J.: 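Mind looking over this structure? Questions follow.
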Amino acid sequence: MISKVLIANRGEIALRIQRACREMGIKTVAVHSTADADAMHVRLADEAVCIGPPSARDSYLNVAAILSAAMITGADAIHPGYGFLSENAEFAETVEEHGLAFIGPTAEHIRTMGDKITAKTTMRALGVPLVPGSDGALVDIQAAREVAEKVGYPVLIKAAAGGGGRGMKVAQTADDIEEAWSVARAEARAAFGNDEVYLEKYLDRPRHIELQILGDAHGNVVHFGERDCSLQRRHQKLLEEAGSPALTDAEREEIGRTSTEALARMGYRNAGTLEFLYQDGQFCFIEMNTRLQVEHPVTEMVCSVDLVREQIRIAAGEQLGYTQKDIKMSGHAIECRINAENPETFAPSPGTVNVFHAPGGLGVRMDSAIYAGYRIPPYYDSMIAKLIVHAPTRQEAIARMQRALDECVVDGVETVIPLHRKILADPTFQKGDYTIHWLENFVAAQTKS
Ligand code: MV4
């Protein structure tokens with residue numbers, strides 16, 4: 001039984017988790033930095049504890065302060081949200097050593113998937129399709145050359161400790177491999193203190209498709225279909241959809257079956273996402289995220305599931321209570337991330353929100369922690385809201401998103417809403433005919449004209 005949850009996060013995701021707790025009759029504890037004393041997640045929680053100064057390192061990443069807050073308030077579980085400590089295996093371990101439930105996977109699974117080489121080796125052994133590449137870490141430059149010749153150029157050298165695009169270098173031909181090898185290793189050492197690297201064939205026009213998974217502590221694993229997250233700029237997702245405009249029901253069923261069987265054999269518990277590159281009808285596993293993701297609402301809308309409620313039930317030791325055939329996907333959902341940024345330069349635009357009006361109506365969901373008069377602090381992520389729509393078809397979802405963006409008012413700071421309008425009006429986007437490179441090119445073309 002879980003009766004009080006400490007939420008080790010801020011902003012919209014802290015509110016999202018509070019909402020699930022409240023509906024389940026669970027008390028909530030907010031933690032906050034001194035910069036967030038006026039934040040909505042603090043106002044709406046049952047209790048709140050200040051855990052340190054503005055810098056995330058000293059507050060939202062301060063394990064000792066967060067555990068103390070949990071002890072003082074008598075919380076029996078901690079939800080890490082996304083970012084911050086959500087994929088920190090030592091944190092998950094420490095939480096459990098203190099007799100609290102960690103609302104997430106085991107520390108061991110977080111650790112396994114945190115190392116991208118171990119993640120791939122594990123998935124390969126479980127029959128999940130991968131990008132052709134090295135079998136584990138590259139021992140030396142000679143090994144890099146040999147694998148590159150075998151899979152064919154261009155190739156990518158990636159950091160084992162990487163993810164999210166850091167420590168990644170392309171070699172177009174054999175002439176580039178030495179440079180890619182040494183630069184990738186130097187970057188990996190500087191950024192992660194670990195210079196282990198591996199090699200993959202470079203896919204030139206893939207989509208980023210990810211599969212939402214839930215597993216309980218009793219060996220049951222199901223999936224809730226995929227999200228297409230190809231619309232990213234500099235590895236920051238901007239707009240996500242469920243399902244992917246590129247997939248057929250048969251493709252979804254097959255990758256879903258392979259993935260859930262693999263995670264069941266691992267004994268995976270709680271929420272997780274398998275990331276794939278999808279090109280020419282092939283899925284290639286690249287990474288696994290062992291947390292709830294920012295874009296989880298599009299899956300919730302299409303599957304009519306409360307993923308945070310499920311995470312809490314799973315952490316309490318409950319059975320899923322349903323199987324794959326009970327999960328029905330209906331209609332289409334789109335999420336627009338609304339960042340307080342200049343829509344052309346993407347420079348952060350912190351400051352005071354003078355006027356705020358959230359859109360509403362059928363099939364519209366706004367997940368946000370801002371309010372009129374709120375001062376967006378400069379210390380954290382610039383995402384201030386997520387606007388999510390659900391409609392019977394993709395075309396209707398696009399029209400609904402356009403309508404909802406027209407209703408949305410955020411005055412006082414710049415936001416990326418004007419860019420979202422342009423994307424939604426673009427014929428290529430409307431056809432669903434895009435890859436991971438589309439947004440970068442679209443943005444460049446916008447600023448030129
Ligand atoms: C790749 C790739 C092409 N081929 N791997 C970037 C972040 C990290 N999660 C993996 N990434 C990529 N891996 C192979 N073998 C292209 C990317 C990539 C990318 C992937 C997903 C979404 C956006 C991207 C933007 C640039 C590069």
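In listed order, ligands and their atoms are each counted from 1. Values in this document were obtained by computation on a predicted structure and should not be read as measured data.
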J.: Do Tyr374 and Phe356 make the cut of ring centroids closer than 6.0 angstrom?
T.: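 No - the distance between ring centres of Tyr374 and Phe356 does not fall below the 6.0 Å cut-off.
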J.: Tell me: protein heavy atom nearest atom 16 (C) of ligand 1, and distance?
T.: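 Protein heavy atom at minimum distance: Ile436 CD1, 3.8 Å.
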J.: Which of these, Leu199, Thr435, Ile286, has its nearest heavy atom closest to atom 10 (C) of ligand 1?
T.: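 Shortest heavy-atom distance from atom 10 (C) of ligand 1: Ile286.
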J.: What protein heavy atom lies closest to atom 21 (C) of ligand 1? Include the residue and the distance to one decimal.
T.: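 Looking at atom 21 (C) of ligand 1, the protein heavy atom closest to it is His208 ND1, 3.4 Å.
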J.: Pull out every atom of ligand 1 sitting under 4.0 Å from any heavy atom of Glu200, numbered as shown with elements.
T.: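 So the answer, numbered in order with elements, is 5 (N), 14 (C), 15 (N).
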J.: Please find the pair of heavy atoms, one from Ile157 and one from Ala184, that lie closest to each other, and give the distance.
T.: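 Scanning both residues completely, I find the closest heavy atoms to be CG2-CB, 3.7 Å.
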J.: Give me the residue, atom name and distance of the protein heavy atom closest to atom 26 (C) of ligand 1.
T.: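 For atom 26 (C) of ligand 1, the nearest protein heavy atom comes out as His235 CE1, 3.6 Å.
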J.: Give yes or no for whether the N/O distance cutoff of 3.5 Å, strictly under, is met between Tyr202 and ligand 1.
T.: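 It does not: no N or O of Tyr202 is found under 3.5 Å from an N or O of ligand 1.
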J.: Under 3.5 Å, is there a donor-acceptor pair between the Tyr278 and Glu226 side chains?
T.: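 Looking only at side-chain atoms, Glu226 and Tyr278 do not form any donor-acceptor pair under 3.5 Å.
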J.: If the threshold is 4.0 Å, N to carboxylate O, is there a salt bridge linking Arg313 and Asp216?
T.: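 Between Asp216 and Arg313 there is no salt bridge, as every charged N stays at least 4.0 Å from the carboxylate O atoms.
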J.: Which of the atoms of ligand 1 are close to Val131, meaning less than 4.0 Å from one of its heavy atoms?
T.: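 Reading through ligand 1 atom by atom, the close ones are 15 (N).
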J.: Using a heavy-atom cut-off of under 4.0 Å, does the side chain or the backbone of Lys201 touch ligand 1, or both, or neither?
T.: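 For Lys201, the contact with ligand 1 is made by the backbone alone.
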J.: Quick one: look at Leu203 and ligand 1, take heavy-atom pairs under 4.0 Å, and tell me if it's side chain, backbone, both or neither.
T.: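 Contact part for Leu203 vs ligand 1: both backbone and side chain.
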J.: Give me the nearest non-hydrogen protein atom to atom 13 (N) of ligand 1 as residue plus atom name, then the distance to 0.1 Å.
T.: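 Minimum-distance protein heavy atom for atom 13 (N) of ligand 1 reads Lys158 NZ, 3.1 Å.
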J.: Under 4.0 Å from a heavy atom of Glu287: which atoms of ligand 1 are those, numbered in the order shown and with their elements?
T.: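 Those qualifying, in numeric order: 8 (C), 9 (N).
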J.: Salt-bridged, Arg337 to Glu295, with N to O below 4.0 Å?
T.: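 A salt bridge links Arg337 with Glu295.
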J.: Please write down residue, atom name and distance for the protein heavy atom closest to atom 22 (C) of ligand 1.
T.: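 Ranking protein heavy atoms by distance from atom 22 (C) of ligand 1, first comes Gln232 NE2, 3.3 Å.
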J.: Please work out, at 4.0 Å between heavy atoms, whether the side chain, the backbone, both, or neither of Leu277 comes within that distance of ligand 1.
T.: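 Looking at Leu277 and ligand 1, just side chain atoms fall under 4.0 Å.
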J.: With side-chain contact (heavy atoms from CB on, under 4.5 Å) as the criterion, how do Gln293 and Glu240 come out once you've worked through the C-alpha distance, each side chain's angles and the decisive distance to 0.1 Å?
T.: CA-CA 11 Å; Gln293 292 196 257; Glu240 304 98 343; over 6 Å; no
J.: Heavy atoms only: give me the nearest Ala30-Gln18 pair and the separation to one decimal.
T.: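 Nearest heavy atoms, Ala30 then Gln18: CB-NE2, 4.4 Å.
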J.: Taking all non-hydrogen atoms of both residues, which atom of Tyr202 and which atom of Leu156 are closest, and how far apart?
T.: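 Nearest pair, atom of Tyr202 first, then Leu156: CD1-CG, 3.6 Å.
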J.: Kindly give the heavy-atom pair with the smallest separation between Cys336 and His420, and that separation in Å.
T.: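 Answer, listing the atom of Cys336 first, then His420: SG-ND1, 3.4 Å.
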J.: Run Arg124 and Asp135 through side-chain contact (heavy atoms from CB on, under 4.5 Å) and show every step you take.
T.: CA-CA 10 Å; Arg124 180 190 292 118; Asp135 222 338; 2.7 Å; yes
J.: Can you tell me which residue and heavy atom of the protein come closest to atom 11 (N) of ligand 1, and the distance to 0.1 Å?
T.: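 Nearest neighbour among protein heavy atoms for atom 11 (N) of ligand 1, to 0.1 Å: Met168 SD, 3.7 Å.
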J.: Can you report which non-hydrogen protein atom sits closest to atom 7 (C) of ligand 1, along with the distance?
T.: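 Ranking protein heavy atoms by distance from atom 7 (C) of ligand 1, first comes Gly165 N, 3.3 Å.
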